[in-house]
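See below for the structure under consideration.
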2 protein chains.
Amino acid sequence: MTTEIKLNKKEVTREKNQQLILNAAEQLFSQLGYDGASMSMIAKAAQVPKANILYYFKSKDGLYEAVIDRIVVNWNLGLNDINATQEPAIVLYNYIKNKVSLSIAQPLQSRLFAGEVLRGAPYLQNYISSSTRPWVKKKAALFQSWIDQGKIDSVNPYHLLFTIWSTTQYYADFQSEVLLILDKKDYTPQDITEITDSIAQIILKGIGLSVPTKNE
Amino acid sequence: MTTEIKLNKKEVTREKNQQLILNAAEQLFSQLGYDGASMSMIAKAAQVPKANILYYFKSKDGLYEAVIDRIVVNWNLGLNDINATQEPAIVLYNYIKNKVSLSIAQPLQSRLFAGEVLRGAPYLQNYISSSTRPWVKKKAALFQSWIDQGKIDSVNPYHLLFTIWSTTQYYADFQSEVLLILDKKDYTPQDITEITDSIAQIILKGIGLSVPTKNE
DNA sequence: TCAGTCGTTGACCTTTTGGTCAACAAAGTT
DNA sequence: AACTTTGTTGACCAAAAGGTCAACGACTGA
């Protein structure tokens with residue numbers, strides 16, 4: 001029964017090497033896109049022979065899918081942030097705050113994902129249809145119930161969600177443009193606070209709420 | 001003096017062929033990215049020998065830059081939409097409406113641009129620094145003056161602009177995701193109205209304005 | 001200890017890449 | 001008509017792409 005407990009030396013190094021490769025691949029795919037990043041570049045970055053990557057992941061496609069799978073798993077962990085039991089203002093504020101933090105903390109993943117979607121999401125269609133869509137549907141229903149109870153203004157729940165996503169992801173995906181315009185080298189902690197506040201203020205007030213004061 | 005008036009047969013076909021090539025290149029670069037689209041694919045799509053493209057544009061880089069230049073020129077035409085003389089609500093509403101229309105009418109351009117920025121904007125840095133940044137600065141000053149006059153709420157003007165950009169572009173750049181979630185094949189005219197209304201409602205109310213009734 | 005499995009890797013393969021070139025066609029100039 | 005300039009294009013090239021393979025190394029289990 002406990003077959004997965006004993007980790008051979010082999011299995012340990014296997015896991016380690018795979019993560020090493022995935023890290024390098026994530027970095028390069030995010031920076032250069034699927035076609036822009038070559039197997040030999042990834043091999044060099046991971047300090048591993050190219051043939052070794054092919055041994056683990058079968059093909060470039062396989063590697064790319066593995067990279068995306070890992071991101072999706074990670075992101076799913078934080079997806080259920082929207083909790084129905086609290087007040088709308090608190091729920092939405094926390095969701096926005098978390099999304100901004102996540103975007104800025106993990107821009108590579110956000111950008112890789114964005115690049116995928118930009119090109120028609122060939123590797124993500126299944127995931128979006130089977131995971132994201134039902135999740136969105138549930139949250140849209142929650143928003144609708146808030147509307148029906150008069151807790152928030154009447155807005156299309158889907159577009160409300162898209163508005164939150166677009167504004168929060170923008171700072172990761174279009175980081176280079178934002179920083180160029182703001183004439184900065186990086187986001188400071190103060191920037192992150194300002195971004196969160198701006199977005200939260202506009203969206204919350206925009207649907208008839210006010211930003212919650214600090215009593216979570 | 002009037003050397004540019006007489007268009008030789010040569011110059012005419014030159015212009016025509018260049019536009020043909022640029023159209024094909026725009027399409028393919030937008031769909032597949034810089035590295036994903038190859039010269040032979042573009043040549044085939046434009047129904048022109050590959051060597052001919054190289055003759056006109058010198059290199060793949062040259063072609064890419066030409067494609068981007070054309071887009072930038074087109075976009076600049078619509079950039080000065082924000083007009084200081086009218087009421088904030090009307091100005092912003094029209095700007096949002098135009099941006100949504102433009103995004104959905106010209107998704108290829110929006111996505112090509114987005115792909116560029118995503119990868120660090122290597123070909124756009126100069127343009128952003130020299131054109132976009134000053135423009136943004138001016139508009140931010142206008143927003144600030146509205147704030148000082150108490151016409152709109154106090155929000156960071158830059159982030160207000162980023163919010164407008166992100167929400168309006170989202171429907172072009174992430175079209176595949178949006179359509180998958182909404183379970184649609186294309187945006188309908190009604191969708192466009194709903195998108196515009198949602199965004200305008202949230203953002204305008206979010207800064208203390210109300211959506212203008214139909215009297216431009 | 002000794003098979004047998006799993007992992008490692010340099011050499012090698014085919015295909016495609018961006019790009020060159022030389023020979024030729026077509027227009028403009030005199 | 002002769003000459004020059006500009007455009008056209010198939011054949012070609014070196015480099016790099018993704019991927020295969022066979023020989024070898026290292027660990028495990030009996």
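Below, chains carry the letters A, B, ... as their sequence lines are ordered, and counting in each starts from 1.
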Rounding to an integer number of Å, can you tell me how far [X] [atom1] sits from [N] [atom2]?
X      : N       : atom1 : atom2 : value
N17(B) : dT6(D)  : CG    : P     : 17 Å
E15(B) : dG7(D)  : CD    : P     : 12 Å
F57(B) : dG7(D)  : CZ    : P     : 12 Å
K60(A) : dT16(C) : NZ    : P     : 15 Å
Y56(B) : dG19(C) : OH    : C1'   : 18 Å
Q18(B) : dG7(D)  : CD    : C1'   : 12 Å
N52(B) : dG7(D)  : CG    : C1'   : 7 Å
D61(B) : dG19(C) : CG    : P     : 7 Å

Exercise. For Y93(A) and K97(A), what are the C-alpha separation, side-chain angles and deciding distance, and is it a side-chain contact (heavy atoms from CB on, under 4.5 Å)?
Worked result: CA-CA 6 Å; Y93(A) 180 78; K97(A) 192 177 167 186; 4.1 Å; yes
Check the phosphate of [N] against [X], side-chain N and O only, distance under 4.0 Å to OP1 or OP2. Yes or no?
X      : N       : value
Y55(B) : dG7(D)  : yes
R14(A) : dC6(C)  : no
S40(A) : dA17(D) : yes

Exercise. Which residue pairs satisfy the side chain to side chain donor-acceptor pair (under 3.5 Å) criterion with at least one member in residues 39-57 of chain A, sequence neighbours excluded?
Worked result: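 The answer is S38(A)-S40(A).
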For this session: Sort and list the pairs that fulfil ring-ring contact (aromatic ring centres under 6.0 Å, His included) and have at least one residue in residues 25-51 of chain A, not counting sequence neighbours.
Result: F29(A)-Y34(A), F29(A)-Y64(A), Y34(A)-Y64(A)
Seminar exercise, completed: When rounded to the nearest 0.5 Å, the distance separating CD1 of I195(A) from CD1 of I104(A) is 4.0 Å
For this session: Hey, could you give me the OG/CG distance between S129(B) and L124(B), rounded to the nearest 0.5 Å?
Result: 10.0 Å
Problem set entry | Contact residues, residues 19-39 of chain A to DNA chain D [heavy atom, < 4.0 Å] | A37(A), S38(A), M39(A)
For this session: Using a 4.5 Å cut-off on heavy atoms from C-beta on, say whether the side chain of T168(B) contacts that of T196(B).
Result: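 No, too far: nothing below the 4.5 Å cut-off.
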Exercise. Just wondering, do L63(B) and I21(B) contact through their side chains at under 4.5 Å, heavy atoms?
Worked result: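 Of all side-chain heavy-atom pairs linking L63(B) with I21(B), at least one is under 4.5 Å.
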Problem set entry | Residues that F113(B) engages under ring-ring contact (aromatic ring centres under 6.0 Å, His included), provided they are two or more places apart |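 Expected list: W75(B).
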Exercise. Between the side chain of Y187(B) and the main-chain N/O of L179(B), is any donor-acceptor distance below 3.5 Å?
Worked result: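 No: the side chain of Y187(B) does not pair with the backbone of L179(B).
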Exercise. Should the ring pair F162(B) and H159(B) be called parallel, tilted or perpendicular, given that the plane angle runs from 0 to 90° and is split at 30 and 60?
Worked result: tilted
For this session: Run the numbers on Q175(B) and R111(B) for side-chain contact (heavy atoms from CB on, under 4.5 Å), then give the verdict.
Result: CA-CA 10 Å; Q175(B) 186 181 50; R111(B) 266 173 242 150; 2.6 Å; yes
Exercise. Just the dot-bracket of DNA chain C, please: which string comes out with Watson-Crick or G-U pairs under 3.5 Å, [ ] for crossing, | for another strand?
Worked result: |||.|.||||||||||||||||||||||||
Problem set entry | Donor-acceptor side-chain pairing of Y123(A) and D61(A) below 3.5 angstrom |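 Looking only at side-chain atoms, D61(A) and Y123(A) do form a donor-acceptor pair, the distance falling under 3.5 Å.
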Exercise. Among dG10(D), dG7(C), dT9(C), which is the nearest nucleotide to the side chain of P49(B)?
Worked result: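 Out of dG10(D), dG7(C), dT9(C), the nucleotide with an atom closest to P49(B)'s side chain is dG10(D).
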Polar atom pairs (N or O), protein with nucleotides 20-25 of chain C, under 3.5 Å:
none

